[in-house]
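Structure first, commentary second.
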2 protein chains.
Amino acid sequence: MLMNGPDKATVAAWIALARAYRVAMQKVETRLKEADLPPLAWYDALWELEKVGEGGLRPFELEHALLFEQYNLSRLVERLVKAGLVERRPCADDRRGHVLAITADGLAVRARIWGVYAPAIEAAVGARLGRDEAVSLARLLARIADND
Amino acid sequence: MLMNGPDKATVAAWIALARAYRVAMQKVETRLKEADLPPLAWYDALWELEKVGEGGLRPFELEHALLFEQYNLSRLVERLVKAGLVERRPCADDRRGHVLAITADGLAVRARIWGVYAPAIEAAVGARLGRDEAVSLARLLARIADND
DNA sequence: CCAATTTACATGCAAATGCATTAAATTCAA
DNA sequence: TTGAATTTAATGCATTTGCATGTAAATTGG
């Protein structure tokens, strides 16, 4: 009874994905810690909120943008608010929820993180791939991330 | 004052890596949970021990193979031993440590997990890439994982 | 040989995560 | 309408992770 398993190349790609992610992420997170900066999740949330501007985002929108579990997003926001980097505003047309917006401190911290994050990405990824390799890697990975 | 940041393609590859990893891993782990199977880390450890056979591995060897933090490996092993899937043997020539070997139950569980894991890999990766795409993805990712 | 250092592994405690559930507001359907 | 179902978000509790440190054995170097 065969079970339609993946071929060698697929398994190799899967394993390579897991290893590359761990290696690169480990390097980047290590640099952030050395600089006494918050973890990457903070950056991602702040950046989403910065991109969207003054209008802010509902928690569930941020949850979808970041692919976070609901409870993880809830607690991440709690920490960001406590740290003064994000502001919770009451939501006019839906009183269950609120709107999240980045604060001035949040903008400053986001920029400070990027100062360390950007060179870390360059070291972990950029320095290892040519320009067109990076493009084709991104394209292949997008196929895996696409929701069909 | 410029800071030698990554170019667009590099950042895109980095983001794609993180998203692809999360999406694929989420799918796979979800399937394992639905089947009431232990998390992937268990599989990885069991598989390393199965591959190496009767001789077993020292914890620090498993740690390097899996890219685990030392304390995480220590606790993973603790759980595997408690579950009866791995056996700790005293180590003749180094009495600080021990040798880890997979048990009969461990072999059985490893195989059961693979029964779910394999089709999950196929769905998350194999079904989305052609054979040569999988090969070139693995090659590109390996460049990122390689220790220089 | 022996003191100092390094290596191997474990563990206490704090923080983060996962899971299940709750509460409250909104939407839908009869 | 109004009652049922859904959506939004928070939270209690157990498990897992991270960090720092501890302990013991091995290695090094003087």
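Only heavy atoms go into these numbers, but all of them, side chains included; no hydrogens, no water, no symmetry mates. In what follows, every chain begins at residue 1, and chains take the letters A, B, ... in the order their sequences are listed.
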**Prompt:** Any luck finding a side-chain donor-acceptor pair between E34(B) and T30(B) under 3.5 Å?
**Reply:**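 Short answer, no.
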
Quick one: is [X] getting a side-chain N or O under 4.0 Å of the [N] phosphate, OP1 or OP2?
X	N	result
R79(A)	dT17(C)	yes
N72(B)	dG18(D)	yes
K33(A)	dG18(D)	no
H98(A)	dA10(D)	yes
S74(A)	dA9(D)	no

**Asked** Can we say D94(B) and R58(B) salt-bridge, meaning some charged N sits less than 4.0 Å from an Asp/Glu carboxylate O?
**Response**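 Salt bridge flag = yes for R58(B) with D94(B).
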
Atom [atom1] of [X] and atom [atom2] of [N]: how far apart are they, to the nearest Å?
X	N	atom1	atom2	answer
D94(A)	dA9(D)	CG	C1'	10 Å
E34(A)	dG18(D)	CD	P	16 Å
M25(A)	dT17(D)	CE	P	16 Å
R95(A)	dA23(C)	CZ	C1'	15 Å
L100(A)	dA9(D)	CG	C1'	11 Å
L57(A)	dT8(D)	CG	P	14 Å
L76(A)	dT11(D)	CG	P	15 Å
L66(A)	dT17(C)	CG	P	13 Å

**Request:** Would you indicate what R58(B) reaches in the nucleic acid, counting non-hydrogen atoms under 4.0 angstrom: base, sugar-phosphate, or nothing?
**Result:**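 It contacts sugar-phosphate atoms only.
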
For the side chain of [X] and the base of [N], is some donor closer than 3.5 Å to an acceptor across the two?
X	N	answer
E78(A)	dA10(D)	no
R96(B)	dG22(D)	no
Q70(B)	dA8(C)	no

**Request:** Count the heavy atoms of every other residue, nucleotide or ligand shown that sit under 6.0 Å from NZ of K82(A), and state whether that count exceeds 12.
**Result:**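 Count not over threshold, so no.
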
**Request:** Measure the acute angle between the ring planes of Y43(A) and W47(A), then classify it against the limits of 30° and 60° as parallel, tilted or perpendicular.
**Result:**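 Y43(A) and W47(A): parallel rings.
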
**Asked** Would you call the rings of Y21(A) and Y21(B) parallel, tilted or perpendicular if under 30° counts as parallel and over 60° as perpendicular?
**Response**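 Y21(A) and Y21(B): parallel rings.
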
**Request:** Could you pick out which residue, P39(B) or L73(A), lies toward the 5' side of DNA chain D when each is mapped onto its nearest nucleotide?
**Result:**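 Residue closer to the 5' terminus by nearest nucleotide: L73(A).
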
**Asked** So which one's nearest nucleotide on DNA chain D is more toward 5', G97(A) or R75(A)?
**Response**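 Nearer the 5' end of the strand: G97(A).
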
